[in-house]
Amino acid sequence: MHGKLLPLAGLYLVQGLPYGLQSGLLPVLLRAGGLSLTRVGLAKVLYTPWLLKLAWAPLVDAQGSVRAWLTRSTAGLGLVCGLLAGLPPPGAGQAGLPAAVAGLLLLLNLGAAVQDVALDALAVQLLEPAELGPGNTVQVVAYKLGAALAGGALLALQPTLSWPQLFLLLAATYWLAAALAWTAPALRRLPQPAPSKQRPHTAHLLRDVLAVPGTLWTAGFVLTYKLGEQGASSLFPLLLLDHGVSAPELGLWNGVGAVVCSIAGSSLGGTLLAKHWELLPLLRSVLRLRFGGLACQTALVFHLDALGASMGPGTILRGSALLSLCLQHFLGGLVTTVTFTGMMRCSQLAPRALQATHYSLLATLELLGKLLLGALAGGLADGLGPHPCFFLLLILSALPVLYLGLAPSTFL
C-alpha cells in the first residue's frame, strides 16, 4: 500500500499549490505591486475553470489514460509557471493585472482543474476498498500542506525571492511531479482504458452517472454536510475580532492552529477507517460530535454579549473561544476525510469509463455546498443578528445526522 500512498501524497501536495498561490500568495504580490483592493478582488474571476470541471471530466474518461492526463496537465502547469517567470511582475501605477499575466494565470487554473480531475480519477482506480481510508487521509492532508506551503511558506520567502525565481521554483516542482506521475511503479501498473468509439451525449452521460448506485443520496449529502460548520467557521473568528481578540492572535489560532488541528482530525479519520470502522457509524458519530462542538460555540456567542462578560487576556472565556476554533477545525478535518472516503467508494461503483466524471460531479457539489453558506453567512449575521444566525447554523448542522438515516447500502 505504501507504494501507492507515497506517490499520491506527492501529487496531492502539488495539487494544493495553486489554491495556496491564488488565495494567499498572489493577492499579496498584486497588492504589493500597487493594484487596488478592487482589482485584487477581481482576480478571483481567474478561478472560473474550477467551476467547469464537469465540462472536461468526460474527456479524461474517454480519451487516453488518467495517468497520461495527469502527467501532461502537471507538466503543462510547469510550462505556464516558466512563462510567468519570464514576464515582468505587476508594477505600481498599473490600472489592472497585465493581460499576459492574467491570461497565463487563467491557463494555470485551467491546468490545475484538469490535473484535479485526473488525479482524483487515478486515486479512484488505484485504491482498493480497504485502502480508501488511508488514501483519503493522504489526499486531504497532502493537499492542505501544499496549500499552506504556497500560501504561507512561499509568502514568507517572498522578500528574498524575486517574481522570476518564485515561478521558476514552482515550475521545477511541477516538472518533478510530472516525472513522478509518469514513472511511479504503482501508477504504471494501472490497466489501460479500452478505446472509446464515440463520445456519449451529455444527457445520456448525466443519466448514466446518476444511475450509479448511491449517487443521488451521496450528492445530496456532500452538498449539505458542511452547511452549518462552514458558516460558523466563517463568522466566529470575525465575532472574536469584534470582541477584542487581536488580529495576530486570531491569525495564530485560526491560521496555524486551524491547519494543525484539521490535519490531526483528517489523520484520525484515516486511522479509524484503517482499523475497520464501518463508514456510516463512524460518520454518524463524528457528525454528532461536530454538532456538540457547534452547540458549545453557539453558547459562547450568546455569552459574549452577556453583561460583565470579558474577553481580556488570560480569561476563561477567551481561552474557551480560541480552543473552540481548534476543536471545530479538528472535527471538520475528521468529517471531511470520512466523507471523501464515502465519495470515492461511491465512484468506484461506476464503470471505469465514467469514474472521472462521477467523482468530479460529487467534488463539484461538495465545493458548492461549502461556498454556499460560507458566502451567505455574513449577510445572515447582518440581517438576523449573530445569535439567531448561529442558532440557524446549529440547526443546519443537525440535518446531515438525520439525513444519514436515509443512506443506501452502497454508503455502508
Side-chain angles (χ1 to χ4, degrees), residues 23 41 44 219-247 249-255 257-258 261-262 265 283-313 315-336 339 365-406:
S23 63
K44 298 291 186 183
F221 181 78
V222 300
L223 188 62
T224 57
Y225 84 110
K226 282 280 189 178
L227 286 180
E229 173 195 327
Q230 198 68 21
S233 65
S234 300
L235 278 180
F236 193 67
L238 302 181
L239 294 179
L240 295 184
L241 191 65
D242 291 343
H243 284 80
V245 178
S246 68
E249 185 178 12
L250 197 57
L252 175 64
W253 286 88
N254 199 45
C261 291
S262 180
L283 189 55
R284 182 179 289 111
S285 297
V286 296
L287 287 174
R288 287 172 176 169
L289 284 173
R290 188 185 68 176
F291 176 81
L294 189 54
C296 293
Q297 201 168 79
T298 303
L300 285 170
V301 170
F302 278 82
H303 193 60
L304 287 176
D305 295 324
L307 184 64
S310 173
M311 284 287 289
T315 60
I316 294 178
L317 182 59
R318 189 188 193 93
S320 300
L322 293 175
L323 285 175
S324 76
L325 278 177
C326 294
L327 176 63
Q328 285 302 100
H329 284 291
F330 174 82
L331 294 173
L334 180 54
V335 171
T336 298
T339 299
L365 291 174
E366 197 265 348
L367 176 62
L368 286 175
K370 289 194 293 189
L371 292 177
L372 179 63
L373 207 60
L376 297 177
L380 287 173
D382 284 337
L384 300 175
H387 297 175
C389 180
F390 262 81
F391 188 72
L392 175 61
L393 295 175
L394 184 62
I395 293 174
L396 289 174
S397 71
L399 295 180
V401 182
L402 302 176
Y403 189 73
L404 286 179
L406 305 175

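All values below come from the heavy atoms of this structure, side chains included, with hydrogens, waters and symmetry mates left out.
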Set of residues satisfying side-chain hydrogen bond (donor to acceptor under 3.5 Å, both in side chains) with respect to [X], sequence neighbours excluded:
X      : answer
Thr298 : none
Ser324 : Gln297
Ser397 : none

**Message:** Please evaluate residues Thr339 and Val222 with respect to the criterion side-chain contact (heavy atoms from CB on, under 4.5 Å), reporting the C-alpha separation (whole Å), side-chain torsions for both, the decisive distance (0.1 Å), and the verdict.
**Reply:** CA-CA 8 Å; Thr339 299; Val222 300; 4.0 Å; yes
**Message:** Looking at every heavy atom in both Arg290 and Val335, which two are closest together, and how far apart are they?
**Reply:**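 That closest heavy-atom pairing would be NH1-CG1, 4.1 Å.
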**Request:** Kindly give the heavy-atom pair with the smallest separation between Leu368 and Leu223, and that separation in Å.
**Result:**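 Smallest interatomic distance, heavy atoms only, reads CB-CD1, 4.4 Å.
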Below 4.5 Å, heavy atoms only, C-beta onward: do [X] and [Y] meet side chain to side chain?
X      : Y      : value
Leu325 : Leu322 : yes
Leu404 : Leu287 : yes
Gln328 : Leu294 : yes

**Message:** Is the ring pair Phe390/Phe236 parallel, tilted or perpendicular, if the boundaries are 30 and 60 degrees?
**Reply:**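 Ring orientation, 0 to 90° scale: perpendicular.
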**Verdict with supporting geometry, Val401 and Arg288, side-chain contact (heavy atoms from CB on, under 4.5 Å)** = CA-CA 7 Å; Val401 182; Arg288 287 172 176 169; 4.1 Å; yes
Interatomic distance, [X] atom [atom1] to [Y] atom [atom2] [nearest 0.5 angstrom]:
X      : Y      : atom1 : atom2 : value
Leu394 : Cys389 : CG    : SG    : 11.5 Å
Cys261 : Leu334 : SG    : CG    : 12.5 Å
Leu402 : Arg284 : CG    : CZ    : 10.5 Å
Ile395 : Phe291 : CD1   : CZ    : 8.5 Å
Leu327 : Cys296 : CG    : SG    : 7.5 Å

**Listed once per pair and sorted, the salt bridge (Lys or Arg N to Asp or Glu O under 4.0 Å) pairs that draw on residues 395-405, sequence neighbours left out** =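 Salt bridge (Lys or Arg N to Asp or Glu O under 4.0 Å) check on residues 395-405 returns no pairs.
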**Inter- and intrachain pairs under salt bridge (Lys or Arg N to Asp or Glu O under 4.0 Å), touching residues 327-336, at least two apart** =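 Listed by first then second residue: nothing to list.
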**Message:** Test side-chain contact (heavy atoms from CB on, under 4.5 Å) on Leu399 and Thr224; report intermediate values, then the result.
**Reply:** CA-CA 8 Å; Leu399 295 180; Thr224 57; over 6 Å; no
**Request:** With sequence neighbours excluded, tell me which residues meet ring pair (Phe, Tyr, Trp, His ring centres under 6.0 Å) with Tyr225.
**Result:**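 Tyr225 satisfies ring pair (Phe, Tyr, Trp, His ring centres under 6.0 Å) with Phe221 once adjacent residues are dropped.
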**Item:** ring pair (Phe, Tyr, Trp, His ring centres under 6.0 Å) against Tyr403, all qualifying residues, sequence neighbours excluded
**Value:**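 Ring pair (Phe, Tyr, Trp, His ring centres under 6.0 Å) list for Tyr403, sorted by chain: Trp217.
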**Message:** Among residues at least two apart in sequence or on other chains, which ones pass side-chain contact (heavy atoms from CB on, under 4.5 Å) with Ser320?
**Reply:**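 Ser320: side-chain contact (heavy atoms from CB on, under 4.5 Å) contacts with Leu300, Ile316.
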**Asked** Under 3.5 Å, is there a donor-acceptor pair linking the side chains of Lys226 and Thr336?
**Response**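 Thr336 and Lys226 do have a side-chain donor-acceptor pair below 3.5 Å.
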